[in-house]
Amino acid sequence: MTDQTSQAARTACGAIRAGDQGKAVELCGWVNRRRDHGGLIFVDLRDREGIAQIVFDPKHPSFPDAERLRNEDVLRVRGTVRARPQGTENAKLPTGGVEIGVDDLEVLNRSEVPPFPVNGDDDVDENLRLEYRYLDLRRPRMQRNIATRHRIVKAMRDFFDARDFLEIETPMLIKSTPEGARDYLVPSRIHPGTFYALPQSPQLLKQILMIAGFGRYMQIARCMRDEDLRADRQPEFTQVDVEMSFCTQEDVLETMESCMRDVWKRVLGVELGPFPRFSHAQVLERFGSDKPDLRYDLELVNVTSIFEGSDFVVFKSVIESRGAIVGLRYPGGASLSRRDFDALTELAKQNGAKGMVWIALGADGVKSSAQKFVGDEHIGALRYSLDAETGDAILLFADARPAALTVAGRMRGEVAERCGLRDKTKYAFCWVTDFPYLELDEATGRPAPAHHPFTAPGEGQWEFIDSDPLAMRAQHYDLVLNGFELGSGSIRNHKPEHQRRIFEMLGMTPEQIEERFGFFVRALEYGAPPHGGMALGIDRIVMLACGEDDLREVVAFPKNQAARDVMMDSPSAVAENLLRDLSLRSTAPPPER
RNA sequence: GGCCCUGUGGCGCAGUUGGUUAGCGCGCCGCCCUGUCACGGCGGAGGUCGUGGGUUCGAGCCCCAUCAGCGUCGCCA
């Protein structure tokens, strides 16, 4: 008897229903749990579709084998579907009304005792999960998330297909350009001493597809960036990458917004309203972040004017140096102890604050860390402008304006977390538009593109390029969901002279432009249509749709924080002859393992 | 590279101001059990407390170093 089972013969464990009574079925799956009553054995058999209860009768020849079954053994079972005896149905299972009386049992494979329970979603050490990823993926949560991921990607492909976009693959081995994130490099064997780069995104290739006349492009694109990891950042990730010719910014926004609305409706059954839009300047001012979490309000308020003429030396010096005092309401925060406020102040400092003034609006009076300098007139004005009530606390951050807003924005997230305002079942999308074209690179002191250098300046912005380049606005937009940047896009430069002008402004010489982007500027010279597009991070979208807060929960084979794949144990050393073929020699000592 | 938290049987955790033999739940092994579904009952095995050093009469607990992991800042056009 072969171990192979034809798909036609097999019935899914989770698909058995009351209507199947009397049917002879062949089930394949894993032992989810065994309940041995001595004279009667129940086994929950699990496959991707669900769980079915199979029953072994003591008089049956398979009974001794059933006694030796253990969790995660792989079985093939033939038997007959029958109704469970009255009163023994299990309402918790879709298959709970029936069971399979076993006629024939085959153990296709035994399992070692798993290092952690597979039949549940109990917390397990992250490293152990990654080392035994095949077992982790077998668990219900990951089965669910990976399936949801498929459905989201499928919905996206369907959406763009219906709108006449073509999915076009772009190469993984491309050219390194020094801007942006660190590249992953692939050495060339045929051309010693030279390297391909893995794409950080297919940006230039999709623009060239527009020049090539494809008009509407999309791709589920893999991207790689060699930077440090975060819960919402993996070194390799997937984007839904989109580009359109002869379009306005409005066209791109409408397309992507419709796509997300479609996905949410089809996959989650959630109807999303229109996405609110904010300018970059607005979100910084009101939320202290360029990716605001709009599931809750808690808007920041600039309260500098309230403390005009204050004797408090911190406020005084900030006001004199034209900085800002930014206020944040902490609902219910008046119940915090001095110790709690001290800890909160410490947290603010870790987030870049110079300090924090707190004011507790207790029912029994107002307490503050700057008691002497906060008078009734201040309290009244603060209550009014922050819409604060008795029982709340008010947190104040004084610094140069951008720094004060950023810190307050981070603390806004912290306060929201403490107040339970981060509801995972709420989806607050928003657009952020009108980004500055440039921002000052703190490392070099030079202006650097806020997005990438292929972005077109906004209408009428070219006139600032010489006089005040930092004042230029870009036709660049971000899509934000629940405080996560899902992705960004822009209308691109399609005139070669404009593109050259931007490169020059960024300090590149004509030779450098030719060496790095010559192929691209040349392409623009052959009738490049006006075009624009966007890319959204699929991993983050799936993460939020699944209610997870870590990308690893929606990526089948992720890297750990040190960018290692602990299951495969990569990266790893390679044989000397492989390096020789690539004309490479490592300067690093071989790792001791 | 900085900072925070964590590290105790296979897994998840507890372990008091430093004090006798390091506990609990799950899992695992054995026996019993014919309607369970987180089955139940009885019994059992399993720990150099991440590693190294120090303080102390005595360290799972205190100190230093180091490793690993989670998070975060820097970084991520």
Side-chain angles (χ1 to χ4, degrees), chain A residues 32-45 51-59 63 67-68 70-72 84-93 95-96 99 101 112-132 135-136 177-183 200-201 203-204 223-235 237 343 346-347 349-352 406-407 410 413-414 435 437-439 441-444 446-455 474 476 485 488 490 502-503 506 516 537 549-550 552 560-562 564 566 592:
Chain A
N32 195 61
R33 209 183 289 280
R34 182 180 61 120
R35 290 178 294 281
D36 186 344
H37 287 238
L40 191 65
I41 296 173
F42 301 99
V43 169
D44 290 338
L45 196 64
I51 286 174
Q53 174 168 285
I54 61 180
V55 187
F56 293 88
D57 187 280
K59 293 187 284 290
F63 195 80
E67 285 182 307
R68 291 172 46 231
R70 294 293 181 271
N71 285 352
E72 301 311 315
R84 295 193 187 187
Q86 195 135 39
T88 67
E89 300 89 350
N90 185 352
K92 284 185 240 166
L93 289 177
T95 61
E99 63 191 15
E112 296 287 328
V113 175
F116 53 81
V118 175
N119 54 16
D121 287 324
D122 306 353
D123 266 352
V124 178
D125 178 73
E126 189 76 38
N127 218 33
L128 199 66
R129 290 179 61 192
L130 291 177
E131 187 180 346
Y132 294 93
L135 296 179
D136 188 36
T177 56
E179 289 75 17
R182 207 171 285 116
D183 281 325
Q200 296 181 23
S201 83
Q203 181 63 34
L204 291 177
C223 306
M224 293 82 177
R225 298 179 187 174
D226 187 5
E227 297 292 348
D228 285 357
L229 287 75
R230 290 287 183 278
D232 65 345
R233 233 161 61 192
Q234 282 275 309
F237 58 101
E346 191 48 45
L347 193 69
K349 283 181 179 166
Q350 281 166 23
N351 279 291
T406 302
V407 169
R410 287 179 180 164
E414 174 66 24
F435 277 72
Y437 197 90
L438 299 168
E439 53 194 22
D441 184 333
E442 282 174 29
T444 62
R446 292 192 66 96
H451 183 35
H452 58 54
F454 316 109
T455 299
H476 166 205
E485 183 196 318
S488 56
S490 63
I502 297 287
F503 285 144
L506 298 173
R516 295 176 196 171
D549 44 26
D550 195 311
R552 283 177 297 227
N560 74 0
Q561 196 174 201
R564 294 196 65 83
V566 292
E592 290 180 38

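Keep in mind that this is a model prediction, so the values were computed, not measured. The basis for the numbers below is simple: all heavy atoms, side chains too, and nothing from hydrogens, waters or symmetry mates. Each chain gets a letter, A, B and so on, in the order its sequence line appears, and its residues count up from 1.
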Please state whether the base of [N] and the side chain of [X] form at least one donor-acceptor pair under 3.5 Å?
| X | N | result |
| --- | --- | --- |
| A:Arg233 | B:rC76 | yes |
| A:Gln350 | B:rU72 | no |
| A:Arg564 | B:rG69 | no |
| A:Arg129 | B:rC11 | no |

Counting any heavy atom closer than 4.0 Å, what does [X] reach on the DNA or RNA strands: base, sugar-phosphate only, or nothing?
| X | answer |
| --- | --- |
| A:Asp122 | nothing |
| A:Ala448 | nothing |
| A:Pro114 | nothing |
| A:Asp550 | sugar-phosphate |
| A:Asp36 | base |
| A:Arg70 | sugar-phosphate |
| A:Pro85 | base |
| A:Leu128 | sugar-phosphate |
| A:Arg34 | nothing |
| A:Asn90 | base |
| A:Glu99 | base |
| A:Glu89 | base |

Fill in: A:Arg33 side-chain N/O to B:rC39 phosphate OP1/OP2 under 4.0 Å
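Yes, because at least one side-chain N or O of A:Arg33 sits under 4.0 Å from OP1 or OP2 of B:rC39.
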Discussion item. Can you see if the side chain of A:Asn560 gets near the phosphate of B:rG69 - specifically, an N or O under 4.0 Å from OP1 or OP2?
Written reply: yes
Discussion item. One thing to verify: whether A:Asp228 and A:Arg233 come together as a salt bridge, which I'm taking to mean a side-chain N less than 4.0 angstrom from a carboxylate O.
Written reply: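 Between A:Asp228 and A:Arg233 there is no salt bridge, as every charged N stays at least 4.0 Å from the carboxylate O atoms.
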Worksheet item: Is a salt bridge present between A:Glu126 and A:Arg552, judged by a nitrogen-to-oxygen distance below 4.0 Å?
Response: yes
Interatomic distance at [atom1], [N] relative to [M], whole Å:
| N | M | atom1 | result |
| --- | --- | --- | --- |
| B:rC3 | B:rC26 | P | 42 Å |
| B:rU8 | B:rC76 | P | 36 Å |
| B:rU20 | B:rG60 | P | 10 Å |

Fill in: A:Phe42-B:rU36 aromatic stacking (under 5.5 Å, under 30°)
yes
Item to complete: Using the aromatic ring of A:His37 (for Trp, its six-membered ring), decide whether it stacks on the base of B:rC33 within the limits of 5.5 Å and 30°.
Response: no
Worksheet item: Does the side chain of A:Leu506 reach to within under 4.5 Å of the side chain of A:Pro453, using non-hydrogen atoms?
Response: yes
Worksheet item: Can you find a pair of side-chain heavy atoms, one from A:Leu130 and one from A:Asp136, that are under 4.5 Å apart?
Response: no
Discussion item. Tell me whether A:Arg225 contacts the main-chain N or O of A:Ser201 through its side chain, where contact means a donor paired with an acceptor under 3.5 Å.
Written reply: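 Answer holds: no.
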Fill in: Heavy-atom donor-acceptor pair, A:Arg34 side chain to A:Ile41 backbone, under 3.5 Å
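Side chain of A:Arg34 to backbone of A:Ile41, a donor-acceptor pair under 3.5 Å: no, none is there.
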